[in-house]
Every structure is written in structure tokens, then in C-alpha cells.
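Computed from a prediction, not measured in an experiment: that's the story for all the values here. Throughout, a chain's letter reflects where its sequence line sits, starting with A, and its residues are numbered from 1. Values below: every heavy atom of this structure, side chains too, minus hydrogens, waters and symmetry copies.
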Number of protein chains: 2
Amino acid sequence: MGTVKNKGNVREASCQEELTAMRDSIEILGGKWKLLIMRYLTNRTSENNHFKKIQREINGISAKMLSKELKDLELNLMVTRTIQDTRPVTIDYAVTEYGKSLIPVTDILVQWGLDHREKIKEDILV
Amino acid sequence: MGTVKNKGNVREASCQEELTAMRDSIEILGGKWKLLIMRYLTNRTSENNHFKKIQREINGISAKMLSKELKDLELNLMVTRTIQDTRPVTIDYAVTEYGKSLIPVTDILVQWGLDHREKIKEDILV
DNA sequence: GTAACCAGTTACCTGTAGTTAACTAATAGC
DNA sequence: GCTATTAGTTAACTACAGGTAACTGGTTAC
């Protein structure tokens, strides 16, 4: 970006780019709920996922937050919102093709969470 | 866990476990700075990383936040803190062996951030 | 003695993420 | 008419993440 300091070398430059990329990710995916919602929806692609069902199964999320997060995710083209012709009306939320790009992300966070819990157990025993 | 509802099947149960694991990850790694710090330190394992240097190179972080986040990371056994015998005294921060378990996590967040930026560009052009 | 470097700490403040609870509006069943 | 379901919205609040700026305490160099 523009002028480069003399002491800047390739590794430093690429490091800054990496950090910038990660800032982007954190900004878009950060917070308590977005990745949980995305994970839930990708685990349920074969089913109809309507609002109340999602709220019931993602423990602790309020209607307000779910509504807000789903809007954000829709704006970022991660999920689609479709009105179902049922009575009472239900709204189906589904992961988009682009939303599936988050599968590796949530995969690794799930795995890290599981591993971390194991690690804590071991630390206590030893 | 304990009692399992009748309608609960294996997929649903494992989904809840996945979500719990991801909640753990988000709780420990969440926020604006922790993963950035970890990424920075893993990219600089061959060098001495003292406080001011980290603050200079992670753009925008305040001394207060850096201090707090480093403490948290140390408590979670992700980084070590060693006093260097220099004048003036410097404190070296380094990623632990366990802290390296975050490399795949930050790798994928860096990659997703880069890809997302590309995707946005394409969307604008089309 | 004063300016500059290091590694923080402290106090004060703000913005926003997130919570709770009440409410709208539509439909269906009893 | 009453209750229950759906999908949210709105208001009022809280708590904490994070920002800003001044300050400590030690060392070196001029």
C-alpha cells in the first residue's frame, strides 16, 4: 500500500496482509451468534429451518438477536429467506452456496473447541 | 445431557455437541484482538516480540487492550511471558506449543478473509 | 537535569452487543 | 371469544468490550 518503509521486508508485508484479512473475517463473523447459526443451518440443509425452530435449537438466543443476525447474514449472501405457504406462515432459512464457504471455518472451530476441552481435562488430572 | 428427549436422534445430539464446542471456541478466542495477536506471534517465532513491538505492528491496539489480552492468553497457556535482560528491560512474548494449535484456525480465517474480499470485488464487477 | 525508551497501570468515558419483556398481525382450532 | 401457533418488532435496560489519555517507575543517553 503506497510507500513501503525501508525496513519492511516481504515477510512483514505479507504478515500485515494476513492480519488485515483476519480483521475482515472477525468483523463479519464475530460476535456470539453468527457462526453458531451458520453451523446449525449447514447441519440441517435437508430440513425446513424456520425461525422458531432455529430459535428453539440454538440454545439461549433471543428473537431479537436471531432476527438481527439472520438479516446480517442475508445481506452478506450467506443465507436465503423464503416464505413458505403454510398456515401459519413459516419462513425458511437456508445456507447459500457461498455460505457453505464457512464450513471449513466452523469445522475447525468445532474441532478446536473439542480439543481444548480435552486439554483442560488432562491439565486437571496431571 | 442426562435424559434425552424422544424426538432427539443421533444427528441432532451431535449437532448440539458441535454447537457447544463452538461456543467454547468463540468464548475463548472471541473479540477483536486475540486471534490477531496469536497470528502475529506465530508469524514471528524467530524473533523477539516485546510489548511495544507488538503494539506497533498490530495496528490500532492500545496498551491497555494488548496488556489485557496477553494476560488472558497467558492464562489459557497460549503464550509465555519472559523478562529479557536488556536495557531498558524488554518482555518477550512467545507462542507456546499449545498455542500453535491455533495455526489451523487463523490459517482458515486468513484464507476466508482473502476469499471474501475477492468475492466482494467480483460481485461489484458483475 | 531532561528527554527518550521500555512495560505497563489507572481512571474515565462511550458505544454497542446483547437481554428481557411486552406487543403487533395473521391464521387456525376449540 | 379464547388460546395457540407463526414471525418478528419495539422499548427500555445492562454490562462489558474497547478507546483515550494521563501517569508510574525504571534505565540510558545527551
Please list every donor-acceptor pair under 3.5 Å in which a side-chain atom of residues 118-126 of chain B meets a protein atom from a residue at least two apart or in another chain.
from: B/Glu118; atom 1: OE2; to: B/Lys121; atom 2: NZ; distance (Å): 3.4

Output yes when at least one side-chain N/O atom of B/His50 is less than 4.0 Å from OP1 or OP2 of C/dA7, else no.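 It does, given that an N or O in the side chain of B/His50 lies less than 4.0 Å from OP1 or OP2 of C/dA7.
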N/O (side chain, B/Arg56) to phosphate O (OP1/OP2, C/dC6) under 4.0 Å: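 Answer yes for this pair, as a side-chain N or O of B/Arg56 is under 4.0 Å from OP1 or OP2.
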Under a 4.0 Å heavy-atom cutoff, the residues of residues 75-84 of chain A touching DNA chain C are none
Using a strict threshold of under 4.0 Å (side-chain N to carboxylate O), is an ion pair present between B/Asp92 and B/Arg81?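 So B/Arg81 does not pair with B/Asp92 through a salt bridge.
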Should the pair A/Glu27-B/Lys32 be classified as a salt bridge under the 4.0 Å nitrogen-to-oxygen rule? no
Qualifying residues under side-chain contact (heavy atoms from CB on, under 4.5 Å), relative to B/Asp115, sequence neighbours excluded: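 So B/Asp115 forms a side-chain contact (heavy atoms from CB on, under 4.5 Å) with B/Gln111.
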CD1 on B/Ile108 to CD1 on A/Ile108, rounded to 0.5 Å: 4.5 Å
Spacing of B/Glu18 atom CD and A/Thr106 atom OG1 [to the nearest 0.5 Å]: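 Between atom CD of B/Glu18 and atom OG1 of A/Thr106 there are 8.0 Å.
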What's the [atom1]-[atom2] distance between [X] and [N], to the nearest Å?
X	N	atom1	atom2	value
B/Asp85	C/dA7	CG	P	14 Å
B/Ile54	C/dC6	CD1	P	13 Å
A/Asn48	D/dA7	CG	P	11 Å
B/Leu66	C/dT9	CG	P	11 Å
B/Asp92	C/dG8	CG	C1'	16 Å
A/Leu70	D/dA7	CG	P	11 Å
B/Glu69	D/dC16	CD	P	15 Å
B/Met65	C/dT14	CE	P	18 Å

In 5'-to-3' order, the base (B), backbone-only (S) or no-contact (-) status of each nucleotide in nucleotides 25-30 of chain C, using a 4.0 angstrom heavy-atom cut-off, is --SS--
Please find the pair of heavy atoms, one from B/Thr42 and one from B/Arg39, that lie closest to each other, and give the distance.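 It is OG1-O, 2.9 Å.
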If every non-hydrogen atom of A/Arg23 is compared with every non-hydrogen atom of B/Asn59, which pair is closest and at what distance?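 Heavy atoms only, the tightest pair is NH2-O, 2.8 Å.
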Which residues in residues 30-40 of chain B have at least one heavy atom lying under 4.0 Å from any atom of DNA chain D? B/Gly31, B/Lys32, B/Trp33
Not counting sequence neighbours, which residues clear salt bridge (charged side-chain N to carboxylate O under 4.0 Å, His left out) with A/Lys52? List them please.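 Salt bridge (charged side-chain N to carboxylate O under 4.0 Å, His left out) list for A/Lys52, sorted by chain: empty.
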Only counting residues at least two apart or in another chain, list the ones meeting side chain to side chain donor-acceptor pair (under 3.5 Å) with A/Ser25. none
Describe the nucleic acid contact of A/Ser62 in one word from base, sugar-phosphate, nothing, applying a heavy-atom distance below 4.0 Å. base
Distance-only donor-acceptor hits, side chain of residues 64-79 of chain B, under 3.5 Å, sequence neighbours excluded:
from: B/Glu69; atom 1: OE1; to: B/Lys34; atom 2: NZ; distance (Å): 3.3

Looking at the side chain of B/Thr90, which of D/dG18, D/dA7, C/dA7 is the nearest nucleotide?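 Among the listed nucleotides, the one closest to the side chain of B/Thr90 is C/dA7.
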Can you name the residues that form a ring pair (Phe, Tyr, Trp, His ring centres under 6.0 Å) with B/His116, not counting sequence neighbours? A/Tyr98, B/Trp112
For nucleotides 9-11 of chain D, which of its nitrogen or oxygen atoms have a protein nitrogen or oxygen under 3.5 Å away, and what is each distance?
from: D/dT9; atom 1: OP1; to: A/Lys71; atom 2: NZ; distance (Å): 3.0
from: D/dT9; atom 1: OP2; to: A/Ser67; atom 2: OG; distance (Å): 2.6
from: D/dT9; atom 1: OP2; to: A/Lys71; atom 2: NZ; distance (Å): 3.2

Suppose the criterion is ring-ring contact (aromatic ring centres under 6.0 Å, His included): which pairs have a residue in residues 56-86 of chain B, not counting sequence neighbours?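 Those involving residues 56-86 of chain B do not exist here.
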Provide the full list of ring-ring contact (aromatic ring centres under 6.0 Å, His included) pairs with a residue in residues 53-78 of chain A, sequence neighbours left out, each pair given once. none
